[in-house]
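These notes are about the structure you will find just below.
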There are 2 protein chains.
Amino acid sequence: MNQLPPLMHQFVSHFGEMGSRWGINRTVGQIYALIFVSAKPLNADDIAEALEFSRSNVSIGLKELQGWRLVKLKHLPGDRREYFEAPQDIWEIFKSLAEEKRRREVEPTLSMLRASLMETPGNAADAHAQKRMQQMHELIDLSSTWFDDVARLSPETIARLMRMGSSVKTVLDMTDKLKIVRRKNEA
Amino acid sequence: MNQLPPLMHQFVSHFGEMGSRWGINRTVGQIYALIFVSAKPLNADDIAEALEFSRSNVSIGLKELQGWRLVKLKHLPGDRREYFEAPQDIWEIFKSLAEEKRRREVEPTLSMLRASLMETPGNAADAHAQKRMQQMHELIDLSSTWFDDVARLSPETIARLMRMGSSVKTVLDMTDKLKIVRRKNEA
DNA sequence: TCGAATTTTTAGTAATTACTGAAAATGTGG
DNA sequence: CCACATTTTCAGTAATTACTAAAAATTCGA
């Protein structure tokens, strides 16, 4: 790890430190960071050597990164070993990550909430609890459906939307007015 | 905990189980869930008793929840104890959570990236790494600025935007055309 | 300011998670 | 299908994190 060039080293170390906040461990964070910034696909031994981790630790880390769909397996011609690389398109990465996060961190809660909302509360406390769960369900459902929809747009469109910032409101208001005018004209 | 009515119990247990995936621990998850679904503010003893946790564990958990700005401290007249409740407005909750997450999980990385981008790479590997960091910085910066902007909109406007789903694209295209027409007219 | 109620800190312990080296399993070219 | 290169699993250990009970500190009314 110490023979990595300075920028790579800084990036890798940072991902190691942040790992725990992001719900992955130091090792997995560093492995991903290394793969992300490397120009060429890396094999497990490359990684173990560069980061000074045991070979088995790298193996487990790579499995986890595959589970997150953050690294792609690649085979180089004339080499039996498995090589890994990160998708080139950063939007692609962002979307996989978001989808996977939703699957793991949001969907289970949505299911639980849906189930709870089907039941009939047996007392006042549960009745209130159900109302709160209803509110939570509504918000999560709305934002996660929305995310899905937006993720389907092209990166360019998404970027365009984002660059608009809060002026989307103006656009929204404008289209509402257009709709009203159209409705009047039709009448 | 077992004398909680069924819906509350289910909700609280679920938050306990999900806690670790969300980067908080079981205890903190359950404490929050209990406060969230309760009709009235709760004090630390209420919580310790309901969930069968030690008093100190509850104290630490509440501290953490305050750090996340997920619970508000409230004082009841004629009672010296501290009571806690979750904000009523679910959008408020969503925003605090997102802001806090950004502050802890995103900002440090943005800083690191910015610093790295200022430096001059000393070799080809670092030059490539810097390009990747540039891509990452661009995406994170764009989406986090955007989130800030959107968060400033009213809940109604946000909901309206979200309900549009992927048809925002149509609106975006439409406004682009309007701008072009206007530009032509002005010329 | 004293003292009881309440909260916070702390030190020790339990539980969980991360990591390693070695052994087992897998897969592939010959 | 053998031999070997490579990956995966596993059992043991290290490190971290969570939790408790008890002590200390704080707060506030009298």
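Worth knowing before you read on, the calculation uses all heavy atoms, side chains too, and leaves out hydrogens, waters and symmetry mates.
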Subject >> Rounded distance in Å - CG (A/Asp79) to C1' (D/dT6) >> reply: 10 Å

Subject >> Contact letters for nucleotides 10-30 of chain D, in which S counts primed atoms plus P, OP1 and OP2 and B counts the base, heavy atoms under 4.0 Å >> reply: --------SSBB-----BB--

Original post:
Should the pair A/Glu99-A/Arg102 be classified as a salt bridge under the 4.0 Å nitrogen-to-oxygen rule?
Top reply: no

Subject >> Rounded distance (Å) that lies between atom P of D/dT6 and atom CG of A/Leu73 >> reply: 15 Å

**OP:** Whole angstrom is fine here: how far is it from NZ in A/Lys63 over to C1' in C/dC19?
**Re:** 17 Å

**OP:** Decide if atom CD of B/Glu64 counts as having more than 12 heavy atoms of other residues, nucleotides or ligands within a radius under 6.0 Å.
**Re:** yes

Original post:
Roughly how many Å is it from CG in A/Leu51 to C1' in C/dA18, rounded to a whole number?
Top reply: 15 Å

**OP:** Assess the side chains of B/Ser59 and B/Ser56: does a donor N or O sit below 3.5 Å from an acceptor N or O?
**Re:** no

**OP:** Give the rounded distance in Å between these two atoms: CG of B/Leu62 and P of C/dT9.
**Re:** 13 Å

**OP:** Note down the inter-axis angle between the two ends of the helix from C/dT1-D/dA30 to C/dG30-D/dC1, five pairs each, to the nearest 10°.
**Re:** 30°

Original post:
Any ion pair linking B/Glu156 and B/Arg160 (charged N to carboxylate O, less than 4.0 Å)?
Top reply: no

Acceptor/donor pairs from residues 127-139 of chain A side chains to any protein atom, 3.5 angstrom cut, sequence neighbours excluded:
| residue | atom | partner | partner atom | Å |
| --- | --- | --- | --- | --- |
| A/His128 | ND1 | B/Val37 | O | 3.0 |
| A/Gln130 | NE2 | A/Ser116 | O | 3.1 |
| A/Gln130 | NE2 | A/Glu119 | O | 2.6 |
| A/Arg132 | NE | B/Phe36 | O | 3.0 |
| A/Arg132 | NH1 | A/Gln135 | OE1 | 2.8 |
| A/Arg132 | NH1 | B/Gln88 | O | 2.9 |
| A/Arg132 | NH2 | B/Pro87 | O | 3.0 |
| A/Gln134 | NE2 | A/Glu138 | OE1 | 3.3 |

**OP:** Compute the ring centroids of A/Trp22 and A/Phe15, then answer whether they are less than 6.0 Å apart.
**Re:** yes

Original post:
Does a salt bridge link B/Lys101 with B/Glu105, judged by any charged N lying under 4.0 Å from a carboxylate O?
Top reply: yes

Original post:
How long is the line joining CD1 of A/Ile47 and C1' of C/dC19, in whole Å?
Top reply: 16 Å

Original post:
Taking C-beta and beyond as the side chain, do B/Trp68 and B/Ile24 meet within less than 4.5 Å on heavy atoms?
Top reply: yes

**OP:** Check the distance between D/dT8's P and A/Arg81's CZ and give it to me in whole angstrom.
**Re:** 14 Å

**OP:** Write down the distance between CD (A/Glu82) and C1' (C/dT26), rounded to a whole number of angstrom.
**Re:** 10 Å

**OP:** Answer whether the closest heavy-atom distance between the side chains of A/Ile158 and A/Ser154 falls below 4.5 Å.
**Re:** no

